[in-house]
Number of protein chains: 2
Amino acid sequence: MESINIKQLAKALNLSTSTVSRAFRNNSDINKETKERILAMARELNYQPNHYASNLRERKSKTIAVIVPELANNFFLQAINGLEQVASEKGYHILIYLTYDKYEKEVAFINDLHNGRADGIIMSVSGESASEHRYLHRLKSKNIPLVFFDRIYEDIEAPRVTSNDYESSFAATEHLIKSGCDRIAFLVIHKNLSIGKMRMQGYQDALQKHRLPYRDELVIDCSNDPQKNYRILNQAFKKWKPNGAFAAVERLAIASYYVCHDAGIAIPQDLKIISFSSLEIAPLLNPSLSTISQPAFAMGYQAATLLFQSIENGIEQAPMEHIVLQSKLIKRQSTAK
Amino acid sequence: MESINIKQLAKALNLSTSTVSRAFRNNSDINKETKERILAMARELNYQPNHYASNLRERKSKTIAVIVPELANNFFLQAINGLEQVASEKGYHILIYLTYDKYEKEVAFINDLHNGRADGIIMSVSGESASEHRYLHRLKSKNIPLVFFDRIYEDIEAPRVTSNDYESSFAATEHLIKSGCDRIAFLVIHKNLSIGKMRMQGYQDALQKHRLPYRDELVIDCSNDPQKNYRILNQAFKKWKPNGAFAAVERLAIASYYVCHDAGIAIPQDLKIISFSSLEIAPLLNPSLSTISQPAFAMGYQAATLLFQSIENGIEQAPMEHIVLQSKLIKRQSTAK
DNA sequence: TTGTATGCGTTATCAA
DNA sequence: TTGATAACGCATACAA
């Protein structure tokens, strides 16, 4: 980082640093010719204003932090693409933090972000609703706005963007029932997370509406480890013999496919599967997978839009909106009669 | 960002800022008790050293920039996971820049990075080899190390991590030939990019070895737009009737699947397909897809390791290594006889 | 329109 | 072991 700095550039031009500085932010008054002269020389000497010095001086970072559980997940990827589009239009950069669903990591990241590294935070939470969220309150006192998307904490007041999980789950379960399933498994990770709860409620209510009994053993609580999931699902399918499975998370549908392929369980004849999923190639699976697909890109886009409202108008003006976007249920071979 | 700063914290403790500062970097001598007292108070007052001030003072950013064409691509995702692991072990953060294969974006990003925002750069290039790369030379003069991975510029001297593309392509083509194909299409994006060239060469040489003619029309140059690709491939398959297809990029295999499904071309009976791909669910496709899978995670990991060598030992000591990792050819149904 | 001087929050040097 | 002070590179209030 042995860069040329504003002083050297100024000297090379026989100008003061303030004039040079002005050339780089277009608001201030400055002679057009000098400005061009400065920019030309800057190009030649390969000068760029130091980002950290500017941020320190201006007390902002032109950066937003995005905290998500993981990247290896089409939903989050598409959402991030949505965020990124808004951010880059505003001249902001994105700093990505991955929690891998570890609550402690989330706390550490948030605490880290108190140092002014980011002007705002967009987060899809990792922890369980039950845990302590005081670390989030502190953000507000520092004027760092926060927006939730998809996975939220209900006890924290912040703008949020979600999709209609309850309705979608209800519809998905009902779809399985109408396709002839009467023993429907619900595959879930983190039952206690708000999002898991919503989806589970939709499942339960659909069962009830159609007079199907709710069976505890058919709610299969999985993990983030593919191999573990394989074992869990393999056992569960053999033991409880569901004829329908509703996966609250894409990877559980994938794991189910592997189990079925290996165990000779025919989809959809023996077991019909539907899943929350943002997989673009769901139609190409064997058999093609019925999905509830969330508007991931739009959710990211909206979340970023909300965040910038807070950033631009101040956190007090923050719109405590709860935007709910609609997911789509797409029926394919995996739930065919 | 109305944070408490080190001064206020010092005053609250009746200490000087230097002592407080020392408490936060463990090297300096400091009384254990005072240190604990400081840290306790910091927690209480929710103090975090300002990242930008530290960076400015220390003249480094503890951040590495990663420039890739896109995120919606399993290869880059996994590679980034590899990078991230190394970086986070070193206490570094990752700043992600997406070029969407636009050369101008790449130039803009690189120029941006001259301002000391990152201590090093890891890049998978976007542009064509033919174009101008002077903007990269300038990095060196600023002591910002650069490492290439996967997609490189041959005319720039920098450490690089690639996979054995030529050999893999040769093997993949040969596999198709041995499975009975004699009209093998090569599906590619950006023929001119170094990586496209390597893969094409492997394809050509394998044809030659087996005395199959090279036909220009069977090299199908595609784009990044899925719909365009669909049209291109649909036309090409109908017009030239290949009985084998080797996709240099995952998304072209996906597009081919869609075309075949719609056009009633049976895989593998009518057309055998193999592809470079990092898709975890290749086995679940209909039919399961034969792949050459690059060690994406390891490539990212290695690239980051190389970069940190340059960062830690200075750019002059940079190991001009060219690390080549081996891809794996996995035969599945899509190329069955 | 341009220049001077000050401070953003930190860390390093030096002295106590 | 701790404190005073200067400097990192820049942007702004104010003066010219």
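Keep in mind that this is a model prediction, so the values were computed, not measured. Values below: all heavy atoms of this structure, side chains included; hydrogens, waters and symmetry mates excluded.
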Without decimals, in angstroms, what is the distance between [X] [atom1] and [N] [atom2]?
X        : N       : atom1 : atom2 : result
Leu9(B)  : dT10(C) : CG    : P     : 9 Å
Asn14(B) : dT2(D)  : CG    : P     : 13 Å
Leu13(A) : dG3(C)  : CG    : P     : 10 Å
Leu56(A) : dA7(D)  : CG    : P     : 17 Å

(Q) If the condition is ring pair (Phe, Tyr, Trp, His ring centres under 6.0 Å), which residues does Phe109(B) pass it with, not counting sequence neighbours? (A) Tyr97(B)
Q: Could you tell me which residues satisfy ring pair (Phe, Tyr, Trp, His ring centres under 6.0 Å) with Phe297(A), sequence neighbours excluded, listed by chain and number?
A: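 Applying ring pair (Phe, Tyr, Trp, His ring centres under 6.0 Å) to Phe297(A) gives none.
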Q: Would you mind building the protein contact string for nucleotides 10-16 of chain D? One character per nucleotide, 5' to 3', B for base within reach (heavy atoms under 4.0 Å), S for sugar-phosphate only, - for untouched.
A: BBB----
Q | side-chain contact (heavy atoms from CB on, under 4.5 Å) partner of Ile121(B), the single match among Leu95(B), Ile110(B), Leu307(B) | A |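 The residue from Leu95(B), Ile110(B), Leu307(B) that satisfies side-chain contact (heavy atoms from CB on, under 4.5 Å) with Ile121(B) turns out to be Ile110(B).
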Q) Roughly how far apart are Glu70(A) CD and Leu77(A) CG, rounded to 0.5 Å? A) 9.5 Å
Q: Using modelled atom types only, decide if a donor and an acceptor are shared between the side chain of Gln8(B) and the backbone of Asn5(B) within a distance under 3.5 Å.
A: yes
Q | Backbone N/O of Arg57(A) and side chain of Tyr52(B): donor-acceptor pair under 3.5 Å | A | no
Q. Using a cut-off of less than 4.0 Å, is there contact between a side-chain N or O of Arg59(A) and OP1 or OP2 of dG7(C)?
A.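 For dG7(C), OP1/OP2 do not have a side-chain N/O of Arg59(A) under 4.0 Å.
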Q) What residues, two or more places apart in sequence or in another chain, satisfy side chain to side chain donor-acceptor pair (under 3.5 Å) together with Lys62(B)? A)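 None.
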Q: Go through the structure and list residues passing side chain to side chain donor-acceptor pair (under 3.5 Å) with Ser88(A), not counting sequence neighbours.
A: none
Q. Using a heavy-atom distance cut-off of less than 4.0 Å, which residues of residues 29-43 of chain A contact DNA chain D?
A. none
